[in-house]
Amino acid sequence: SNDDATWVIGVGQVDVTFASSPISFTLTGINDLIGGDFVDTFIFTALGELNGTIDGGGTASSLTGTRDIIDISAKGGGNVIDLSPDNSVPGTYDLINGGGGSSFLTVGFIGIEEFIGDGDSLISEAVSTTWTIDGADEGSSGSGIVFEGFSDLTGSTFDDTFIFETGGSLSGVLNAGTGTDTIDISQIVGANTVNLQTTTISGLGGVSVNLDYQNAETFIGDNTADVLTVLDGGVTVNITGQNDGDVAGNTFTDFPNIN
């Protein structure tokens with residue numbers, strides 16, 4: 001259809017409606033869904049499942065907002081959106097892993113640019129990526145992926161950068177992945193603390209938010225009030241520039257306070 005479409009995936013059926021048409025459909029016995037050239041939104045109900053694939057279809061543009069969407073916010077449990085498979089290989093799909101280890105989308109999806117969750121987890125594409133976190137559990141990637149309602153974010157096996165803008169925070173765990181990865185909190189006002197002992201970042205956005213992080217090596221502060229708490233045990237802090245340096249394999253930039 002030459003129209004935005006909403007696909008509601010329930011138990012044994014899919015209900016389809018269109019933005020500017022009174023026509024609607026109820027589909028049964030369908031395993032695979034393919035969207036059109038406009039915005040397609042695929043919504044899973046609490047018990048909804050699809051024994052096949054979703055293809056967003058069309059050409060999406062993050063600049064115009066014509067993104068195809070998967071919404072799993074009605075699903076309970078810790079669900080995982082996994083973007084790491086190599087979609088250039090024919091027949092390879094990105095994955096949704098359900099909270100119990102099973103999946104309510106048994107094969108996978110392609111051609112989706114936006115994801116809506118409810119405290120779920122997102123695994124990066126297998127490329128070096130810059131992630132911008134610009135709201136509470138929401139943000140975007142440099143490749144055009146947009147997410148909201150995802151408390152946990154996992155980077156790739158390449159070098160990734162995670163930039164927290166004003167108001168940006170994650171309520172779960174940021175696993176930077178392997179590679180040489182950077183966490184940038186320079187846009188967050190106030191005295192925020194990166195604690196290398198507890199692998200947490202506290203004070204994001206002036207709120208008592210503790211972000212657990214893993215596998216990050218480089219940290220960028222605001223050059224005004226941020227604090228770096230180093231490891232115990234007689235470690236050596238090398239000062240290589242004004243508020244810059246390295247310690248125990250970690251590099252820091254623009255941290256005026258070292259504990």
Side-chain angles (χ1 to χ4, degrees), residues 80-86 121-143 145 147 150-205 207 209-259:
V80 180
I81 298 287
D82 185 354
L83 305 179
S84 64
D86 183 0
S121 300
L122 180 64
I123 299 176
S124 173
E125 302 163 280
V127 294
S128 181
T129 303
T130 296
W131 293 92
T132 300
I133 297 92
D134 56 12
D137 291 342
E138 63 183 53
S140 61
S141 76
S143 61
I145 298 298
F147 68 91
F150 285 83
S151 57
D152 300 327
L153 181 59
T154 298
S156 71
T157 57
F158 298 88
D159 299 346
D160 297 310
T161 299
F162 303 88
I163 301 172
F164 287 83
E165 293 187 345
T166 301
S169 64
L170 293 174
S171 60
V173 176
L174 171 56
N175 184 345
T178 56
T180 301
D181 303 302
T182 300
I183 295 179
D184 182 345
I185 60 171
S186 61
Q187 299 181 51
I188 305 296
V189 298
N192 308 292
T193 299
V194 173
N195 191 321
L196 301 181
Q197 298 179 20
T198 60
T199 62
T200 60
I201 302 174
S202 61
L204 290 176
V207 183
V209 174
N210 285 313
L211 168 65
D212 293 323
Y213 71 85
Q214 302 168 5
N215 302 317
E217 293 80 28
T218 300
F219 302 90
I220 302 174
D222 66 355
N223 210 30
T224 301
D226 287 338
V227 179
L228 182 72
T229 299
V230 302
L231 300 171
D232 285 332
V235 297
T236 299
V237 179
N238 300 304
I239 306 301
T240 58
Q242 184 173 349
N243 299 332
D244 304 339
D246 61 82
V247 55
N250 297 282
T251 301
F252 60 90
T253 300
D254 292 339
F255 278 85
N257 303 297
I258 306 295
N259 289 338

D184 versus S186, side-chain donor and acceptor atoms under 3.5 Å: yes
4.5 Å side-chain heavy-atom contact, F164 and D134: no
Mind checking the CD1-CG spacing from I133 to L153? Nearest 0.5 Å is all I need. 6.0 Å
Compute whether any side-chain donor of one residue and acceptor of the other, for T240 and N238, lie under 3.5 angstrom apart. no
Distance, nearest 0.5 Å, that separates CD1 of I183 from CD of E217: 9.0 Å
Heavy-atom closest pair (A225 atom, P256 atom, distance to 0.1 Å) is N-CG, 3.8 Å
Verdict with reasoning, T253 to F219, per side chain to side chain contact (heavy atoms under 4.5 Å, CB included): CA-CA 6 Å; T253 300; F219 302 90; over 6 Å; no
Is the shortest side-chain heavy-atom distance between F255 and N192 below 4.5 Å? no
Please tell me whether N215 and N175 have a donor and an acceptor in their side chains that are separated by less than 3.5 angstrom. yes
What's the separation between atom CG in N259 and atom CG in L228, rounded to the nearest 0.5 Å? 8.5 Å
Is it the case that the side chains of D159 and S128 hold a donor-acceptor pair, with the cut-off being a distance below 3.5 Å and no angle test? no
Using a 3.5 Å distance criterion without hydrogens, assess whether the side chain of S143 forms a donor-acceptor pair with backbone atoms of S141. no
Any side-chain heavy-atom pair from T236 and V247 closer than 4.5 angstrom? no
Q187 vs I163 side-chain heavy atoms within contact, under 4.5 Å: yes
Residues D152 and S121: side-chain donor-acceptor under 3.5 angstrom: yes
